[in-house]
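Shown next, in structure tokens, is the structure this report addresses.
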Amino acid sequence: MYRNASPRRGAIAAATCTALATALLGGASGAQAAPSPTRAAAPDIDIAAVKGHLTELQSIADGNGGNRAHGQPGYKASVDYIKGKLDAAGFTTSLQEFDFNGSTGYNLIADWPAGDAEQVVMAGAHLDSVGRGAGINDNGSGSAGILEVALNVAKADLKPAKKLRFAWWGAEEYGMVGSTHYVNELSSGDLSKINSYLNFDMIGSPNPGYFVYDDDPELEKVFKDWYAGKDIVTEQETEGDGRSDHAPFKERGVRVGGLFSGAEAAKTAEQAEKWGGTPGESFDPCYHSSCDTTKNLDDTALDHNSDAIAHALWNLSA
């Protein structure tokens, strides 16, 4: 994350006779109404698979100067890892290049082939870290979460009504550079095709909260209803307002939503009573620090949030 829903008796008798005749004649006397299609249930995202992606991102950082920052080899290696997974799963992927601070940056965009391209539901996460560390919670967590959800789309061979698009943004830590470039490069026609953009920046904080973006009532409700079904109390997300990749979309009139588990703000006693954890301590004490490694995660929060992402995408694209 960047800092800054009688006559009646006679009618019944007639309907009963008609139904009986249809059954006896094998439907020859008239076609029955087709049943309403059943909306596919979202899968339970395997937390072990999400953590496996995070282990790979940690290894990439360890082998490339300890980080995955814009302009550094660890960032491009992270892009290549995720692109390889998506290509093998049948997504149509593209790399969008941009220049910033004298270095080439990359956005990775992945479209699932099915669905109406005139109505696009996007999920995005920034893939870059700060220069001081591997950036596993910020934002390997969101990147790995949406990657595993995307791979589950492929496993299910999902046939959504709307197009599903996934994005991994570059240079977010410099001020949402990659996502801003993407939005600015869209024509007004292509921008209007984006039905919604969902952002996932830090979803596994070690002292977690459960925060839901409140920018759009429908998108907010999709998430809040899922958490309510798990007896998890949520709060409106305020700490990250304007500080992550949803901001460029919102500024251009696209409705936005998303999840967040907290950064440098301190958890209150009331929040600790709701969610557990340590009051008075930051949601992520390793925020933008070298200790943001695979040890800097809460598995329960990462699991819940990954499942909630799948729920939202399955429902919003149906």
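Owing to the predicted nature of the structure, the values given are computational and were not obtained by experimental measurement.
Taking 4.5 Å as the limit, every side-chain heavy atom of W168 sits out of range of all side-chain heavy atoms of K83. The side-chain heavy atoms of L164 and D111, taken from C-beta on, include no pair separated by under 4.5 Å. For the pair H304/I232, a side-chain contact is recorded, criterion being any heavy-atom separation below 4.5 Å from C-beta on. Taking the side chain as every heavy atom from C-beta outward, I109 and T93 never approach each other to under 4.5 Å. For the pair L316 and N195, the minimum side-chain heavy-atom distance is 4.5 Å or more. Proximity of P206 to P285: side-chain heavy atoms (C-beta onward) are separated by under 4.5 Å at one or more points. In this structure, L219 and R255 have side chains that are in contact, with non-hydrogen atoms separated by less than 4.5 Å. Counting heavy atoms from C-beta outward, E148 and H53 have side chains that approach closer than 4.5 Å.
The hydrophobic clustering, which links ILVMFWY residues whose side-chain heavy atoms are closer than 4.5 Å, places W226 and F200 together. M202 and Y197 fall into different hydrophobic clusters, defined by Ile, Leu, Val, Met, Phe, Trp and Tyr side-chain heavy atoms under 4.5 Å apart, directly or through other members.
Side-chain contact check for Y2 and H126: no donor-acceptor pair (N or O, by modelled atom type) lies under 3.5 Å. A donor and an acceptor atom, one from each side chain of D225 and Y227, are nowhere located under 3.5 Å apart. In the model, N107 has no side-chain atom that pairs as donor or acceptor with a side-chain atom of H181 under 3.5 Å. At a cut-off of 3.5 Å, with distance as the only test, no side-chain donor of D284 or N207 sits close to an acceptor on the other residue. For H311 and N315, the side-chain atoms include at least one donor-acceptor pair closer than 3.5 Å. Counted by atom type alone, S244 and D201 present one or more donor-acceptor pairs between their side chains at under 3.5 Å. With no hydrogens or angles considered, a side-chain donor-acceptor pair links S205 and N137 at under 3.5 Å. H70 and E173 form no side-chain donor-acceptor contact under 3.5 Å, judged by distance and modelled atom types alone.
Ring geometry for F166 against F91 counts as perpendicular: the plane angle is over 60°, on a 0 to 90° scale with 30° as the lower cut. By the 30° and 60° cut-offs, the orientation of the rings of F211 relative to F283 is perpendicular.
Although no hydrogens or angles enter the test, the distance criterion places a donor-acceptor pair under 3.5 Å between the side chain of D292 and the main chain of D138. Looking only at distances, no side-chain donor or acceptor of D214 sits under 3.5 Å from a matching main-chain atom of Q236. With hydrogens and angles disregarded, a donor-acceptor distance shorter than 3.5 Å links the side chain of R243 to the backbone of E239. A distance-only check finds no donor-acceptor pair linking the side chain of S261 to the backbone of Y210 [under 3.5 Å]. Judged by distance alone, the side chain of K163 and the main-chain N or O of W112 form a donor-acceptor pair under 3.5 Å. A donor-acceptor pair under 3.5 Å is absent between the side-chain atoms of S289 and the main chain of C291, judged by distance alone. Not a single donor-acceptor pair under 3.5 Å links the side chain of T180 to the backbone N or O of G178. For the pair R165 (side chain) and A110 (backbone), a donor-acceptor distance under 3.5 Å is absent. Counting only distance, with no hydrogens or angles, the side chain of R68 and the backbone of L127 share a donor-acceptor pair below 3.5 Å. When atom types are taken as modelled, the side chain of D216 and the backbone of V256 share no donor-acceptor pair closer than 3.5 angstrom.
For K76, the NZ atom is densely surrounded, since the number of other residues' heavy atoms within 6.0 Å is greater than 12. Taking a 6.0 Å sphere around NZ of K51, one finds it holds 12 or fewer heavy atoms contributed by other residues, nucleotides or ligands. Around the NZ atom of K224, the shell of radius 6.0 Å holds no more than 12 heavy atoms that belong to other residues, nucleotides or ligands. Taking a 6.0 Å sphere around CD of E273, one finds it holds 12 or fewer heavy atoms contributed by other residues, nucleotides or ligands.
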Please lay out, stage by stage, how D215 and K250 fare under the test salt bridge (charged side-chain N to carboxylate O under 4.0 Å, His left out).
CA-CA 9 Å; D215 302 88; K250 184 177 179 180; 2.5 Å; yes

Determine, step by step, whether E235 and K274 satisfy the salt bridge (charged side-chain N to carboxylate O under 4.0 Å, His left out) criterion, reporting the C-alpha distance in whole Å, the side-chain angles of both residues, the deciding distance to 0.1 Å, and the verdict.
CA-CA 10 Å; E235 291 185 6; K274 287 189 293 190; 2.4 Å; yes

K155/D157 under salt bridge (charged side-chain N to carboxylate O under 4.0 Å, His left out): CA gap, chis, key distance, verdict:
CA-CA 5 Å; K155 288 176 187 176; D157 193 21; over 6 Å; no

Passes side chain to side chain donor-acceptor pair (under 3.5 Å), N184 versus Y182? Steps please.
CA-CA 6 Å; N184 288 345; Y182 175 82; over 6 Å; no

Tell me, with the steps shown, if K193 and D190 meet salt bridge (charged side-chain N to carboxylate O under 4.0 Å, His left out).
CA-CA 5 Å; K193 295 174 185 178; D190 286 339; 3.5 Å; yes

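How far CG of L151 is from CG of L86: 6.0 Å, rounded to the nearest 0.5 Å. The NE2 atom of H246 lies 14.0 Å from the OG atom of S196; values are rounded to the nearest 0.5 Å. The CG atom of D298 sits 11.5 Å away from atom CD1 of I203, with the distance rounded to the nearest 0.5 Å. With values rounded to the nearest 0.5 angstrom, L198 atom CG is found 10.5 Å from F249 atom CZ. With values rounded to the nearest 0.5 angstrom, S306 atom OG is found 10.0 Å from D46 atom CG. Once rounded to the nearest 0.5 Å, the distance linking OH of Y75 with OG of S103 reads 12.5 Å.
Here the shortest heavy-atom pairing between W169 and A167 reads CZ2-CB, 3.4 Å. Considering every non-hydrogen atom in both G133 and S129, the closest pair reads O-OG, 3.0 Å. Nearest heavy atom pair, residue E264 against residue S282, reads O-OG, 3.0 Å. Taking every heavy atom of both residues into account, I47 and D299 meet most closely at CD1-O, 3.9 Å. Heavy-atom minimum distance, V130 versus N67: O-CB, 3.6 Å. Across all their heavy atoms, A301 and P208 have their closest contact at CB-CB, 3.7 Å.
Taking the six-membered ring where the residue is Trp, the centroids of Y174 and F100 are separated by under 6.0 Å.
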